[in-house]
**Student:** 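I'd like to ask you about the structure that follows.
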Amino acid sequence: NLEQGPEGPETPIQVVLRVRPMSAAELRRGEQSVLHCSGTRTLQVSPPGGGPDVAFRFGAVLDGARTQEDVFRACGVRRLGDLALRGFSCTVFTFGQTGSGKTYTLTGPPSQGEGVPVPPSLAGIMQRTFAWLFDRVQHLGAPVTLHASYLEIYNEQVRDLLSLGAPRPLPVRWNKTRGFYVEQLRVVEFGSLGALMELLQMGLSRRRSSAHTMNQASSRSHALLTLYISHQTQMPPVDPGEPPAGGKLCFVDLAGSEKVAATGSRGELMLEANSINRSLLALGHCISLLLDPQRKQSHIPFRDSKLTKLLADSLGGRGVTLMVACVSPSAQCLPETLSTLRYASRAQ
Ligand code: ADP
Ligand code: MG
C-alpha cells in the first residue's frame, strides 16, 4: 500500500498494476486467464502451453476482483493530493493497450446517457480524488482557489475539451515563469464538487463524440485533466487567463500502448513504434532518462512531444508521478500484456 510509503517526493515514479476481470466476450470465446497475483506486490504470468512462470513486482498489484475503491486506496492518490496542496505538481497516468481498463480506472464505465452520473461505487480514481480534495480542503480550513483545465492531444495537436466555441488546435508555449503551457486554454475556476464533476462530464462526452467521428481516435489520443490548487495568499497571475501559481494535480488517460513496442535492455526504456505515437515514445524516453542517476535534469528531452512538455514539471522532479499500468488477463492479449509489464517495470 503506497499510502504507507515514506513522506515526500523521493521516488520519481510509482507503479501500480491493475488486471481487469475477463470480459464477457473473452469468456464467451473460452479464452484462458494467464495472470494471477501472488501477495500484494507480485504478478505471476503463466505462459499458455507450459514453460516457467514469469514474475513481475510493482508497488501494488490488483487483480480483477478488486473494486474501484480498492484501487483508489492502493494507489495512494491522497498522498499525491496532499503534495499538490503543498505546492508540488503530481501526475496520475494510466498506461496499457486499448481495452485494458485505463478509462475505467480513471473515470469509471461510460455514462449511461447525457447527464447520468456514474454510480458512486463505480466512480474512478478521478471522481474519488475530487471528492477527497473537497473534504480535505474543508477539513484543513485552507483558503484555496481551485481551477481546472481539460485537453486532448491527438496527432500532436492540442484540443481544448472545455472550450466554449468549436475546439481548434492550440499551440504549446514556454516562458520563464510558467514553463510549458497551452496558449488560450480555458482554465475554469470552480467552487464546488458538483461544478468540477460537470467539467469532467463535459470533457468526457466531448471526447467520446470526437472519437466517434474520428474513427476510434480516443484510443490514439491522450486526455489530460489538470487541477490547479493555489493558496489565496499567493500572488494572483499577471496575465488574465493564466492559472495562479501553486500545486497541480494532473490526470492523464494515455493513448493505447499497442502502437508502441517496448524493447531494449534492462534499466533502459527504449521504445519502437510501429505507427508512431510521438508522445508515448517521448514519455518512455524521458522516464528512462529520469531514472538514470547520472543524468542531469537539464538533459531530459521534454521538448520532444506535447505530452512530455505538459508533464515536464511533474516528471521533472518537483512532484510524484503515479503510473497505473492496466492489463487484460486473457492469453490472447499476452504479447501486449508482456510489453506493458516490461514498460511498467522499467519505469520504477
Ligand atoms: P481502455 O480505456 O484501456 O481502452 P476501458 O476502460 O474502456 O479500456 O475498458 C474496456 C472495457 O472493459 C469497458 O467496457 C470497461 O467498462 C470494461 N472494464 C475495464 N476495467 C474493468 C473492471 N475493472 N471491471 C469491470 N469492467 C471493466
Ligand atoms: Mg480509454
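For ligands, and for the atoms within them, numbers begin at 1 and follow the listed sequence. For reference, positions follow the sequence shown, starting with 1. Everything quoted here is computed from the prediction, not taken from an experiment.
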**Student:** Is Thr103 close enough to the Mg ion (ligand 2) that one of its N, O or S atoms comes in under 2.8 Å?
**Tutor:** yes
**Student:** Just by modelled atom types, is the Met202 backbone N or O under 3.5 Å from a matching donor or acceptor in the Ser205 side chain?
**Tutor:** yes
**Student:** Non-hydrogen atoms closer than 4.0 Å to ligand 1: which protein residues do they belong to? List them by chain and number, please.
**Tutor:** Arg18, Arg20, Pro21, Gln97, Thr98, Gly99, Ser100, Gly101, Lys102, Thr103, Tyr104
**Student:** If only atom types and distance count, is the side chain of Arg207 paired as donor or acceptor with the main-chain N or O of Ser221 below 3.5 Å?
**Tutor:** yes
**Student:** Can you list the steps and then say if Leu338 with Phe56 is a side chain to side chain contact (heavy atoms under 4.5 Å, CB included)?
**Tutor:** CA-CA 10 Å; Leu338 285 171; Phe56 292 85; 4.2 Å; yes
**Student:** Using the ring of each side chain (for Trp, its six-membered ring), is Tyr343 parallel, tilted or perpendicular to Phe95, with breaks at 30° and 60°?
**Tutor:**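 Geometry flag for Phe95 against Tyr343: parallel rings.
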**Student:** Looking at Gly59 and Gln348, what are the two nearest heavy atoms and their distance?
**Tutor:** N-OE1, 3.9 Å
**Student:** Under the rule for side-chain contact (heavy atoms from CB on, under 4.5 Å), what residues qualify as partners of Arg136, not counting sequence neighbours?
**Tutor:**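 Counting only residues at least two positions away or on another chain, Arg136 forms a side-chain contact (heavy atoms from CB on, under 4.5 Å) with Asp82, Leu85, Trp132, His139, Leu140.
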